[in-house]
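This report concerns only the one structure given below.
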Number of protein chains: 2
Amino acid sequence: MVLDMSVRVLSKGEQTRERILDITQDAVLHKGFAGTSLDEIICEAGITKSGFFYHFKDKNDLGKALLLRYLEQEAQLFDDLLRRADELSDDPLHSFLIFLKLFADVMADMPNGHPGCIVASYVYQDHMFSQDVRDLTAFDMLRWRKRFGERLQLIAQRYPPRIDVDLEAMADMLTAIADGGIILSKSLHDPSLLPKQILLYRAFVQRVFVSD
Amino acid sequence: MVLDMSVRVLSKGEQTRERILDITQDAVLHKGFAGTSLDEIICEAGITKSGFFYHFKDKNDLGKALLLRYLEQEAQLFDDLLRRADELSDDPLHSFLIFLKLFADVMADMPNGHPGCIVASYVYQDHMFSQDVRDLTAFDMLRWRKRFGERLQLIAQRYPPRIDVDLEAMADMLTAIADGGIILSKSLHDPSLLPKQILLYRAFVQRVFVSD
DNA sequence: TGAGAACAGCACCGCGAGTACAGTACTTAT
DNA sequence: ATAAGTACTGTACTCGCGGTGCTGTTCTCA
């Protein structure tokens, strides 16, 4: 289950930068971006204000770096899960169903549940960021739509849908379910809710492409 | 479609209070709670700081009032939609499907799309609020679970589910889809995405309880 | 017409973001 | 061995914002 991909040694500066981003992510997901003070980050990271501004030119720069790192980690996780699913089955439908099971498993295995989606958090604070940061969140959404949409297209070719559904909307549905499931889990403090929602989406996919 | 329920006359103070809440809601949904300054609210409302503190004892009090008003409006809307659906059919499944269609229609008819969910926004800033406010968001989630869950129970009694699903999770799925759909719509600036997600959920419900 | 409702005005505090700039310890290439 | 970065520390300041407290003042309605 554990695969150590690219564990290259980080320089001292990179370590500090990562530590700052870790602390920031945790704070932003609980207090919002504006509610997260630099003093607090600095204090927890054990550095000074000057040290912080050595790594990031201002708060917006920090926010952008945090988002970019999150998007990259997210993409790596899904690349991995989709690749593993593809290795387990050549059939597009079976592979996608395996992927969804793996996705649910990974979410269920998180000790304190999913910490929260940076993209969702940013969407609810879009006016706090520069345009390029806002564009990144939209671009990310479109990436998932394309990625899952292509898989659903392949599935639909081999398994004619039993009901008339918009495959693009069905691709969007997974990101919606994930974001909504995270909100559910967070608000009720029940990490099991997110994986349950993913499995419900999986049941829907199965039910759309396979008859009784 | 338009039904003017309880259009009682508001006193001058109540009007100001409502205006403050309107401005706050708009700001909070775009900048987060901490990112919304009182000065900005005051300026836009055309009052002074003293005027503001006459209506709310502090910022947390404003946040709580905003949430309470949102929860009440939300509840009124769903009460209305569910009642109208019940009037159109005695069958629990058909009524629920009609309700979902009405829900999608109302969301599609919003000129600029759904402005955003205060509950979702607050969940991503929980540490900015006192415990009683956090409890309100969780309590609201449980209310929807119970409300939709009871309907699904009734449906399941008459229409044995074609697949094994957890009805509680299926009730949660609607709130997840709504919250996720709002995030989708907001990030891609496409109001049509939310109603599409609701209709996909509707298709899922239909597919769970009705055979091919 | 008087009493409360609904504010305005002002003065003040502490915190947080951001700027500027000088200095320093540690590391690495030549 | 030394010079050139790298990765910071320390100090000192500005300005906007949340919040408090108190004294008025105007409006509204019974």
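Reckoned from all heavy atoms, side chains included, excluding hydrogens, waters and symmetry mates. This structure is a prediction, so every number in the text was calculated from the model and none was measured. Here is the naming used below: chain letters follow the sequence lines, and residue numbers restart at 1 for every chain.
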Original post:
Counting just side-chain N and O atoms, does T16(A) come under 4.0 Å of either OP1 or OP2 of dC8(D)?
Top reply: yes

**OP:** May I have the distance from K31(B) (atom NZ) to dA17(C) (atom C1'), rounded to whole angstrom?
**Re:** 16 Å

Original post:
Once you round it to whole Å, what is the distance between C1' of dT20(D) and NZ of K59(B)?
Top reply: 16 Å

**OP:** Indicate yes or no: does R83(B) engage D80(B) in a salt bridge with an N to O separation below 4.0 Å.
**Re:** yes

**OP:** Answer yes when D190(B) and K196(B) have at least one side-chain N-carboxylate O distance shorter than 4.0 Å, and no when they do not.
**Re:** no

Subject >> Rounded interatomic separation in angstrom, taking CD from Q15(B) and P from dA5(C) >> reply: 17 Å

**OP:** For the side chain of T48(A), starting at C-beta, report the closest nucleotide among dT9(D), dA8(C), dT20(D).
**Re:** dT9(D)

Subject >> Axial cation check for F33(B) ring with K59(B), 6.0 Å and 45° limits >> reply: yes

Subject >> Sugar-phosphate, base or nothing in reach of G35(B), heavy atoms under 4.0 Å >> reply: nothing

**OP:** Look at Y54(A) and dA7(D) and indicate whether a side-chain polar atom (N or O) is within less than 4.0 Å of OP1 or OP2.
**Re:** yes

Original post:
Between dG18(C) atom P and D61(A) atom CG, what is the distance in whole Å?
Top reply: 10 Å

Subject >> Salt-bridge criterion met for D22(B) and R19(B) (N-O under 4.0 Å) >> reply: no

Original post:
Contact class for S37(B) vs. all strands (heavy atom < 4.0 Å): base, sugar-phosphate, or nothing?
Top reply: sugar-phosphate

Original post:
Regarding S37(A) and D39(A), is there a side-chain donor-to-acceptor distance under 3.5 Å anywhere?
Top reply: no

Subject >> 5'-most by nearest nucleotide on DNA chain C - G46(B) or A34(A) >> reply: G46(B)

**OP:** Using atom types as modelled and distance alone, determine if a side-chain donor or acceptor of Q125(A) lies under 3.5 Å from a backbone N or O of S121(A).
**Re:** yes

Original post:
H55(B) side chain N/O closer than 4.0 Å to the phosphate oxygens (OP1, OP2) of dC7(C)?
Top reply: yes

**OP:** For the helix from dT1(C)-dA30(D) to dT30(C)-dA1(D), figure out the bend between the end axes, five pairs an end, and round to 10 degrees.
**Re:** 20°

Original post:
Counting side-chain heavy atoms from CB outward, which of dA17(C), dG18(D), dT20(D) is closest to D39(A)?
Top reply: dA17(C)

Subject >> Donor-acceptor contact below 3.5 Å, side chain S187(B) vs main chain A138(A) >> reply: no

Original post:
Has S50(B) got a side-chain N or O lying under 4.0 Å from the OP1 or OP2 atom of dC10(C)?
Top reply: no

Subject >> Nucleotide dT9(D), atom C1' - distance to CD1 of I42(A) in whole Å >> reply: 12 Å

**OP:** Ignoring hydrogens and angles, state whether a donor on the side chain of Q131(A) or D135(A) is under 3.5 Å from an acceptor on the partner side chain.
**Re:** yes

**OP:** Measure the distance from CG on D58(B) to P on dT20(D) and round it to the nearest whole Å.
**Re:** 6 Å

Original post:
Taking CG from N60(B) and P from dG19(D), how many angstroms apart are they, rounded to a whole number?
Top reply: 9 Å

Original post:
From dG19(D), dT9(D), dT19(C), pick the nucleotide closest to the side chain of I47(A)?
Top reply: dT9(D)

**OP:** Using whole Å, report how far CG of L38(A) lies from C1' of dC15(C).
**Re:** 12 Å

Subject >> Closest-nucleotide ordering on DNA chain C, the 5'-leading residue of F53(A) and F52(B) >> reply: F52(B)

